[in-house]
4 protein chains.
Amino acid sequence: MSQQNPNRRDIGRKPKFRRRAEARPDDILDAALKLFSLQGFMPTRMEDVAKEAGISKGAIYLYFPSKKALLEGLIRRAVVPVADSALEMIAAHRGDPLPVIRKFLTMVASAVKGPDGFAVPKLVIREAAAVPEIARMYREEVIDKALPAIAGLIAQGVEGGYIRNVDPELTVRTVVGPLFMHVLLDEVFGIRPDEGLAIDRLVDNHLTILMAGLAPETGGAR
Amino acid sequence: MSQQNPNRRDIGRKPKFRRRAEARPDDILDAALKLFSLQGFMPTRMEDVAKEAGISKGAIYLYFPSKKALLEGLIRRAVVPVADSALEMIAAHRGDPLPVIRKFLTMVASAVKGPDGFAVPKLVIREAAAVPEIARMYREEVIDKALPAIAGLIAQGVEGGYIRNVDPELTVRTVVGPLFMHVLLDEVFGIRPDEGLAIDRLVDNHLTILMAGLAPETGGAR
Amino acid sequence: MSQQNPNRRDIGRKPKFRRRAEARPDDILDAALKLFSLQGFMPTRMEDVAKEAGISKGAIYLYFPSKKALLEGLIRRAVVPVADSALEMIAAHRGDPLPVIRKFLTMVASAVKGPDGFAVPKLVIREAAAVPEIARMYREEVIDKALPAIAGLIAQGVEGGYIRNVDPELTVRTVVGPLFMHVLLDEVFGIRPDEGLAIDRLVDNHLTILMAGLAPETGGAR
Amino acid sequence: MSQQNPNRRDIGRKPKFRRRAEARPDDILDAALKLFSLQGFMPTRMEDVAKEAGISKGAIYLYFPSKKALLEGLIRRAVVPVADSALEMIAAHRGDPLPVIRKFLTMVASAVKGPDGFAVPKLVIREAAAVPEIARMYREEVIDKALPAIAGLIAQGVEGGYIRNVDPELTVRTVVGPLFMHVLLDEVFGIRPDEGLAIDRLVDNHLTILMAGLAPETGGAR
DNA sequence: TATGAATGAGCGTTCATTCAT
DNA sequence: AATGAATGAACGCTCATTCAT
């Protein structure tokens with residue numbers, strides 16, 4: 001999570017010095033990400049990707065056996081570090097989970113804000129429904145790890161009296177859903193608040209409600 | 001070589017298989033919905049739709065001028081009743097909006113529970129990138145009506161002191177996002193709670209948190 | 001029914017039949033000219049052209065963006081040399097125009113005599129109604145250059161006293177029409193003089209009448 | 001030929017008084033002529049013809065077995081009376097043929113001027129190249145009768161010393177070609193003199209040249 | 001007779017993938 | 001390793017023709 005490569009570009013590349021600068025697969029993925037994000041998966045032609053990557057159509061097939069493999073590679077590349085870093089934090093936690101939830105949502109929000117920092121998840125939101133393999137892969141690599149982690153956190157909080165008596169598995173949807181919907185409205189329908197995407201404000205607003213909503217019923221927490 | 005291919009159309013006619021005019025546009029839309037939901041818009045061939053509807057390829061074009069029009073017809077059919085009924089309720093309201101929000105979410109939940117209740121929205125999300133008109137249409141017909149209505153409701157509630165001081169436009173995401181995410185997790189990623197889809201329980205759980213979260217500040221939350 | 005038709009593209013690839021890049025655009029145009037002349041534009045399938053050219057359907061689109069572009073390419077190829085060479089001769093002229101007219105008709109006649117000499121013009125007439133761009137293109141590139149040139153020549157001759165007082169614009173039809181009709185009768189209706197096409201004799205006979213008909217009035221004709 | 005119906009509409013119809021006014025085939029041909037003339041044969045759909053004729057698509061097939069038969073019917077209807085009347089005049093002639101030629105061209109010109117009077121020949125000019133049957137039929141019914149008749153006239157004139165020593169069969173092209181080209185330029189390419197179609201002036205101008213050109217070489221004719 | 005809903009072969013074009021160089 | 005010309009299956013849409021009514 002710390003030294004594990006600040007830019008994700010060089011993951012899984014063996015340093016064999018052949019002719020060129022040696023980052024072909026990643027250049028291709030960069031090009032694919034840009035175009036898939038811009039125009040969607042299906043309308044993007046392999047030739048477009050090749051041109052964007054500055055290589056020939058055929059060269060792509062030296063690294064990726066099919067167009068779908070490109071999308072899968074994209075997700076694999078982006079998904080591994082993200083999931084791990086976030087989940088470590090959650091798994092290590094003890095005590096009142098509300099601050100962690102706050103931290104988690106803030107962390108995700110700041111990831112979303114960065115340029116292309118959230119491009120792949122946004123792509124998944126758009127394309128998962130159309131490309132089942134994507135859905136499966138994203139589910140296995142991200143969702144099946146993240147959701148139970150947060151649910152466990154909430155369950156802990158309920159048991160410890162930090163959180164009102166709610167169903168942890170369902171509450172996860174209340175925790176994450178608003179942020180998810182915010183991004184989806186923007187990505188799919190181009191709908192964003194009047195002042196801009198404003199992810200920070202969205203998270204703030206959501207946290208205000210969430211914290212109050214999750215707080216134990218009686219008086220103050222604990 | 002001289003008289004080659006004079007009229008490819010006149011050869012080998014097999015006796016046609018005729019049927020009466022009961023394949024109404026609705027039957028075609030049913031077939032289209034089934035296949036689009038199952039395999040997606042682009043991979044579904046017009047001939048598939050025709051076969052599913054029990055008619056010939058050309059017959060579809062008697063009722064719909066293009067494949068895209070089929071998708072649009074699907075949305076229009078699903079969209080009109082939903083939007084109207086829900087929005088009337090909201091528009092007519094005065095006073096504490098929390099009960100209305102509860103009612104709205106319950107209403108949406110029960111609509112989603114029905115067979116194919118979420119098929120069209122999912123289709124819209126799936127295909128929005130590939131067929132932008134679809135996204136625009138759904139946005140104009142549904143989202144641009146529903147979101148402002150709920151936001152207005154919340155704004156009223158804030159002014160009337162029924163609701164904590166929140167940003168109405170952003171709060172809409174907190175209200176609707178969880179339900180939406182619940183359904184999408186199920187439909188796209190195949191993820192549902194251990195006990196089944198349980199939309200009612202999801203709504204209950206969400207409402208518990210939401211009502212507490214939106215209630216005016218009595219003491220100090222957090 | 002569940003996994004129906006996931007990817008129709010990946011099944012049953014037979015080893016392709018490859019060929020080197022000698023199928024230049026000209027080969028394609030040759031094939032197209034042959035088939036268009038034989039069967040007409042509309043009844044000729046792109047696949048027919050491809051087969052005739054010894055390449056695949058898709059390869060044609062490497063060189064021509066559409067079927068119409070094929071027809072346009074055909075015309076452009078045939079038209080450029082003809083127009084230029086003939087018109088230069090006319091434009092440079094001063095003095096008695098009758099020898100030039102004689103030369104012009106002889107030149108056109110010899111061009112028409114060659115193999116496929118009239119194929120493109122006939123094609124243009126044939127398809128003008130169905131593909132209006134063709135008519136416009138031929139008009140702009142050939143007719144609108146040639147007719148005014150000859151008309152100007154005649155006008156000059158009238159002014160210089162070399163030619164009887166006739167309307168130049170209409171006289172062009174008398175000059176060119178007979179040759180044109182001769183070829184069209186042959187090509188379209190299969191009608192030719194008993195002794196064969198005999199273009200040279202046609203031109204001779206026509207010139208005899210034309211020269212006498214255009215000569216300035218000495219006594220009283222009629 | 002006399003009492004046999006002055007307007008060509010009812011040819012070949014048996015007077016069985018069924019439901020309607022009884023001129024269906026001719027109404028259909030009228031509609032077809034209008035549309036074929038306007039947009040060409042191929043782009044005109046059978047349904048267009050039906051609508052124009054005020055009947056249903058299927059009804060056309062009660063009278064004409066195919067689209068091509070429509071075109072053939074059109075030509076057959078128009079061709080028979082025209083050819084006969086013009087050729088009678090020519091066949092009956094003795095003596096100087098130049099006045100007859102003048103009369104013939106004038107007659108054709110006036111036919112061309114009339115509204116739709118020349119629609120079918122114009123259609124043939126456009127479509128003969130694309131629909132071989134049309135070419136054949138028109139050749140047999142019109143051209144093979146007209147050309148030899150005029151050629152015979154010219155041959156007579158040459159023998160009688162009224163006309164310069166020319167090849168009659170080739171001279172026919174000089175006689176008719178200009179008028180033909182005038183119409184073709186207009187029909188196919190939309191090219192007409194600045195003052196309008198001006199057929200009369202075209203014929204006048206052409207006749208001026210033709211008469212002088214055909215006159216015996218020595219002094220004035222006769 | 002007449003209708004017009006229905007048919008279905010047909011075709012232009014696209015593009016993921018292959019492979020000779 | 002790299003190219004890009006070539007392939008060919010696929011699919012949306014048209015329209016002449018048919019036939020149940």
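Side chains included, hydrogens not; waters and symmetry mates left out as well; all remaining heavy atoms used. None of these values were measured; they are calculated from a predicted model. So that the names make sense, note that chain A is the first sequence line, chain B the second, and so on, each numbered from 1.
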Rounded off to whole Å, could you give me the CD-to-C1' distance for the D:E47 and E:dT3 pair? 12 Å
Nearest-0.5 Å distance, OG of residue D:S56 to CD of residue D:E47: 9.5 Å
Counting just side-chain N and O atoms, does A:Y61 come under 4.0 Å of either OP1 or OP2 of E:dC19? no
Under the ring pair (Phe, Tyr, Trp, His ring centres under 6.0 Å) test, which residues partner A:Y61, sequence neighbours left out? none
Separation of atom CD in C:Q39 from atom P in E:dC11, rounded to whole Å: 10 Å
Given F:dA16, F:dA6, F:dC13, identify the nucleotide with an atom nearest to the side chain of D:M46. F:dA16
Rounded to the Å, how far apart are A:I28 CD1 and F:dA2 C1'? 11 Å
Going by modelled atom types, is there a donor-acceptor pair between the base of F:dT3 and the side chain of A:K57 at under 3.5 Å? no
The criterion is side chain to side chain donor-acceptor pair (under 3.5 Å); which residues satisfy it with C:E72, sequence neighbours excluded? none
B:Y63 side chain near E:dA5 phosphate (N/O to OP1/OP2, under 4.0 Å): no
Could you check how far CZ of D:F64 sits from C1' of F:dT18, rounded to whole Å? 18 Å
Separation of F:dC11 C1' from B:L35 CG (nearest whole Å): 15 Å
When pairs are called at under 3.5 Å and a stem needs at least three consecutive Watson-Crick or G-U pairs, the stems of DNA chain F are E:2-21 with F:2-21
Return the nearest nucleotide to the side chain of B:S56; candidates are F:dC13, E:dT7, E:dA2. E:dT7
Atom-to-atom span, CD1 of C:I55 to P of F:dG4 - whole angstrom: 19 Å
Hey, does the side-chain of C:K67 have a donor or acceptor N/O within less than 3.5 Å of a partner on the base of E:dT13? no
Run through A:L29, A:D48, A:T44, A:V120 and flag the one making a side-chain contact (heavy atoms from CB on, under 4.5 Å) with A:F36. A:T44
For the pair made of NZ in C:K51 and C1' in F:dT7, what is the distance, rounded to whole Å? 14 Å
Expressed in angstrom and rounded to an integer, what is the separation of A:R45 atom CZ from E:dT17 atom P? 14 Å
From the list E:dA2, F:dT7, F:dA2, which nucleotide is the closest neighbour of the side chain of D:R24? E:dA2
Under a 4.0 Å N-O cut-off, is there an ion pair linking B:E141 with B:R76? no
Between B:S66 and C:I60, the residue closer to the 5' end of DNA chain F by nearest nucleotide is C:I60
Identify, between B:G58 and C:K68, the residue whose nearest nucleotide on DNA chain E lies closer to the 5' end. B:G58
Salt-bridged, C:D116 to C:K34, with N to O below 4.0 Å? no
Is it true that D:D30 and D:R77 have a side-chain N and a carboxylate O under 4.0 angstrom from each other? yes
